[in-house]
Protein chains: 2
Amino acid sequence: MRILVARCTVEYAGRLTARLPEANRVIMVKADGAVLVHADGGSYKPLNWMSAPCSLLASHDESGVIVWTVSNKAAETLEIRILEVLADVEHDLGPDPGLVKDGVEAHLQELLALHVHTLGAGWSLIRREHPTPIGPVDLLCRDANGTTVAVEVKRRGEIDGVEQLTRYLDLLNRDALLAPVRGVFAAQQIRPQARTLAEDRGIRCVVLDYEALRGADDPSWRLF
Amino acid sequence: MRILVARCTVEYAGRLTARLPEANRVIMVKADGAVLVHADGGSYKPLNWMSAPCSLLASHDESGVIVWTVSNKAAETLEIRILEVLADVEHDLGPDPGLVKDGVEAHLQELLALHVHTLGAGWSLIRREHPTPIGPVDLLCRDANGTTVAVEVKRRGEIDGVEQLTRYLDLLNRDALLAPVRGVFAAQQIRPQARTLAEDRGIRCVVLDYEALRGADDPSWRLF
DNA sequence: CCGTAAATGTCGTCG
DNA sequence: CGACGACGTTTACGG
């Protein structure tokens, strides 16, 4: 990893064309070749960048200014003109063991599969990731009346998720063995517009409590 | 902007829980308070981060290890334990003039609005960004027969875009003054699944040529 | 390698 | 401030 602090201009040409006027910025060159140009503000997204794999060619223009030309297989280019170097450090960090995550959608789906009764008394799970030609349905259940229910699980429920569930329902309802299939849209948070769309289509919305679902797994809960 | 190269562990607790085992990494602290933890590989996304606004509290644990606790209004926390500092540089970069872009969807829509005839002879533009209760239709046109056409413009045409256009069409067709309204899905690239879904719904797909549209603006073209 | 869905998405814009 | 759509989305996961 090489880190430059430098006064520079940057031009990107590829999927779009973008230009950065002269200013002080941080330029990171990672061991895999990736190049990031960061300003002293903004979130984690660089102002401009090039992802690995790519190659860096260092040269000079006619007036002696350092020019780094970074390019990749797709002929995208990032041209950095380095006008003044304020700092330049290099370190070999070695490989990273990587991030361990918890609490994402897969986990939420797993917990809900274990506790489908939170969707209604007498409900049972038919299967998780029920395959269809257009993708897997998160949970396929049977309610107390024996009616099939397709459940779409999201961390945040938005319109896209309702559309996704709608496509599944359209398809599942063509299967005479399953039809009629009802829908449940289950999420930790459901946006008003998504709720409106869902309910307008006869899809029930359920707000999930991740802590409670996880707590239901915790043996200490069973003492009460 | 302060940049540390350090052996560290990181823990994030907030929208999810995530942990980084001990390794050498780069820690950037931006002037606005944002903190990024980068490995020596991977694209521009940090392994872990906290966006501004947030506050950083530096302290030590019982064994003298430096602990940075970064937290924000939403009670998300990022805890960085710094076991060894390999480098530590700080620079005030000043404000950034920002990025100038070209070639994004807004530009594509603008160009197509100027040249609706590329969609068909005798077509005319009724208006851009035609408002509806569920959002603006990119282009509302009239074809050679006088039929109203809603055009959705995308850089890359995927299923989401077809769903979006479908919602607009459903709504526009309830307006007796406009109905019947047909749909055109226009994009630089259209994914097969999106094309299939669109055509199944009677929506015409048009692949846009950005260079040609831009060239049509170029006076030099008019010489031929 | 293509295609789809998820993301601590982030970022602008508009109400 | 919330809702919504675009993004050089990136990234992970299956066929």
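Chain identifiers are assigned alphabetically (A, B, ...) following the order of the sequence lines, protein sequences preceding nucleic acid strands; residue numbering begins at 1 within each chain.
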Gap between atoms CD and C1', on E163(B) and dG5(D) respectively (whole Å): 15 Å
Heavy-atom nearest nucleotide on DNA chain C for A18(B) versus I159(B): which residue maps closer to 5'? I159(B)
Check Y12(A) against N48(A) and note the closest heavy-atom contact, atom names and distance. CB-OD1, 3.5 Å
Taking side chain to side chain donor-acceptor pair (under 3.5 Å) as the definition, give me every residue that meets it alongside Q188(B), ordered by chain and number, with sequence neighbours left out. none
Which nucleotide wins on minimum distance to the side chain of R167(B), given the candidates dA6(C), dG5(D), dA6(D)? dG5(D)
Side-chain ion pair, E129(B) and R127(B), N-O less than 4.0 Å: no
Q164(A): side chain to side chain donor-acceptor pair (under 3.5 Å) partners, not counting sequence neighbours: K154(A), Y168(A)
d(CD, Q164(A); P, dA6(C)) in whole Å: 5 Å
Roughly how many Å is it from CZ in R156(B) to P in dC2(C), rounded to a whole number? 12 Å
Whole angstrom value for the distance that separates P of dT8(C) from CG of D102(A): 12 Å
Could you check how far CG of L108(B) sits from C1' of dA6(D), rounded to whole Å? 12 Å
When rounded to the nearest Å, what value does the distance between P atoms of dT11(D) and dC11(C) take? 15 Å
Using nucleotides 11-15 of chain C, report all nitrogen or oxygen pairs with the protein that are shorter than 3.5 Å.
residue, atom, partner, partner atom, Å
dC11(C), OP1, S43(A), N, 3.3

Side chain to side chain donor-acceptor pair (under 3.5 Å) partners for R128(A), two or more places apart: Q109(A)
The criterion is ring pair (Phe, Tyr, Trp, His ring centres under 6.0 Å); which residues satisfy it with W68(B), sequence neighbours excluded? none
Nearest-Å distance once atom P is located in both dG8(D) and dA5(C): 22 Å
Could you write out DNA chain D as a dot-bracket string, with dots for unpaired bases, | for bases paired across to another strand, and Watson-Crick or G-U pairs counted at under 3.5 Å? |||||||.|||||||
Would you call D102(A) and R19(B) a salt bridge, using N to O less than 4.0 angstrom? no
Which residues pass the ring pair (Phe, Tyr, Trp, His ring centres under 6.0 Å) test with W123(B), sequence neighbours left out? none
Over how many whole Å does the gap from R15(A) atom CZ to dT10(D) atom C1' extend? 9 Å
Residue list, salt bridge (charged side-chain N to carboxylate O under 4.0 Å, His left out) with R167(B), at least two apart or on another chain: E163(A)
Without decimals, in angstroms, what is the distance between L16(B) CG and dT11(D) P? 16 Å
Toward the 5' end of DNA chain D, by each residue's nearest nucleotide, E76(A) or Y168(B): Y168(B)
Out of dT4(C), dT8(C), dT10(D), whichever nucleotide has its closest atom nearest the side chain of R191(B): dT4(C)
With sugar-phosphate meaning primed atoms plus P, OP1 and OP2, does N48(A) contact a base, only sugar-phosphate, or nothing at under 4.0 Å between heavy atoms? base
H107(A) NE2 to dA7(C) C1': how many Å, rounded? 17 Å
So, using side chain to side chain donor-acceptor pair (under 3.5 Å) as the criterion, who are the partners of K30(A) when residues are at least two apart? H38(B)
Touch check for L99(A), heavy atoms < 4.0 angstrom, all strands: base, sugar-phosphate only, or nothing? base
